[in-house]
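Take a look at the structure below.
Convention: sequence-line order gives letters A, B, ...; per-chain numbering from 1.
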Amino acid sequence: MKSTSIITIAMLILMAGAGSAASGDGTMKVNPSSVTAGIDNDFIFTFNNQAHTFSPGSQATITVPSSWTAPQETDSNGNGYVSVTAIGAPTFSYSVSGQTITVNFETNKDKNKGFTISYKKATAPSGSYKFTTKTKNGYSGSLKNINTQPTIKVSPASGILVVSGFASTTLAGNIGSFTVKAIDANGNIAVGYTGKVHFTSSDKMAELPEDHKFNTKDNGIHTFSAKLKTAGTQWIKATDRAKSSITGSQTDIQVKMPEYTHTLTPSPKVGDSVKDTVTSTSTSGNKMQFKWLRPNGQTARTKYVTRSTNYIDSFKPDIEGSWGINVKEFDNKGAQLGTSSTSFSATVNPEFGKLGAVLPLFAVSFIFMNFRKRFNK
Amino acid sequence: MTDKLKHIYILLLLIIVSLLVFIVQGITTQVTTSTKEIEFNRMDDYDEQLGNITQISVTVHNKDTVNHNYTVSAFVDSIIFSNDTVEVSTDMPYTYSLTIPTEKKYTDDNVLIEDPTHSINLTVYRDDSERPLDRIEFKFE
């Protein structure tokens, strides 16, 4: 009986050992793990060493299911862009080949070491997908599946519009193009979509496309142009006119104000012409408002200038002190694209001062008096 | 006449001359600044990039003893271009100015491709009054 128990325990230990050897060390988790079909999403896969020491030569592979957006590491704005960031791992490198991402790394045995894989603008048809992850420890080991594979559930879309392609960072007033894709419940492009799409934006000054009725030539995809004009984080939304639940938007579009530099006439005097030459990074065809502010804050002049090479305005300050120049750039529709300000100090030109006119008179009288004094003597 | 009296006499003479200078200066300044409350102006110019350009301006002289808010409304081809309100004090002028390209541009085949501006309308209001203080229309052929 005793010997039987010993054999059983030994077998269990062997089985446990065999089990541990059959799987790779570490864990891989993914966020988000549940998305909607047809919509591009950004995913973060996090590998944790679970306090295992990964010797030099260790490797992890993660295979993206074939129906997903193919991973790539060349175009950071493109779909399926992959980048890897180490978490306390002293050395690592990575590569993408076909659907597989390979990470070479090593860690000490401290907890929570490893790396994150960023997989951007990726989508897939509805279904549940396992991203097979394997690891090996050191040069001599072989790649083995980890125990719990990261899984992403893709829910069917109930007919949506996907808005994408507008530059994630753009200059206020610049024209940009974007694509609207009609997606069916399975996450595929709805080639037969014939709905009429209306556009809205968080930017109240945006120039958006007119309503567009999709036709058979569109095959479910159409490219549009728009201008966002208000600096900040903006979005563009497309909504089906007949069924508002068929909608989609592109978010996190960073609209930046044009940059301005002022070049002023040096050491300006009261009564002299002061020239402000403003360069702007915006496109041509815009207008600039110059406001020349007296030292008391009152506006001495408002002037609108159409852009030539630069925006240029000149003004003769009529009092001494610290003057301000505020500029605002507008496009041809009157939307304000950006603003900037500068200041200068206007000093009195002595030859124009009243004191300057009276002083010589006193000088002459002083000489005259002395002359009379000597003459009388 | 003693020397002392002579000196006093000369000093008084100089003071009178100085005062006269101030008075004359004051009068000439008043004469030169004795302008209308609202003055419109037009100046045509040329820009290498834009071609013919025109500068339209209106200068406000507040003749009152208290500060006033003046609003200048500009319409380019009957479309509102700007609506600027500024406070103008009694002793300082305010100028609103607008420089715009006015040159018509044609292709080699004499087809009009750019016809930037036909008319500019400037209207000046004071404070909250809805009745214009003055207005002018500039036309471009």
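In this structure, the separation between CD1 on A/I319 and CG on B/D91 is 8.0 Å, given to the nearest 0.5 Å. Atom OH of B/Y94 sits about 10.0 Å away from atom CZ of A/R301, to the nearest 0.5 Å. With rounding to the nearest 0.5 angstrom, the CZ atom of A/R307 is 11.0 Å from the CG atom of B/L50. Atom-to-atom distance recorded for A/W292:CH2 and B/T95:OG1 is 12.5 Å, nearest 0.5 angstrom.
Scanning all heavy atoms of the two residues, the minimum distance from B/D84 to A/Y304 falls at OD2-OH, 2.8 Å. Taking every heavy atom of both residues into account, B/P93 and A/R294 meet most closely at O-NH2, 2.6 Å. In terms of heavy atoms, B/I100 sits closest to A/T306 at CA-OG1, 3.9 Å. Looking at every heavy atom in both residues, B/F81 comes nearest to A/K287 through CE1-CD, 3.1 Å.
Between B/L98 and A/K303, every side-chain heavy-atom pair lies at or beyond the 4.5 Å cut-off. Put simply, the side chain of A/Q289 does not reach to within 4.5 Å of the side chain of B/S82, judged on heavy atoms. Using a 4.5 Å heavy-atom threshold, the side chains of B/E87 and A/T299 count as separate.
Around CD of A/E259, the count of heavy atoms belonging to other residues, nucleotides or ligands within 6.0 Å does not exceed 12. Counting non-hydrogen atoms of other residues, nucleotides and ligands closer than 6.0 Å to CG of A/N332 gives a total above 12. Environment of NZ in A/K328: sparse, with no more than 12 heavy atoms of neighbouring residues, nucleotides or ligands closer than 6.0 Å.
The backbone N or O of B/E48 sits nowhere less than 3.5 Å from a side-chain atom of A/S308 that would complete a donor-acceptor pair.
With chain A as the partner, the residue from B/V72, B/T99, B/I53 showing the most heavy-atom pairs under 4.5 Å is B/T99.
Of the atoms belonging to B/V88, it is backbone heavy atoms, and not side-chain ones, that fall under 4.5 Å from chain A. Both the backbone and the side chain of B/S89 come within contact range of chain A, with heavy atoms under 4.5 Å apart.
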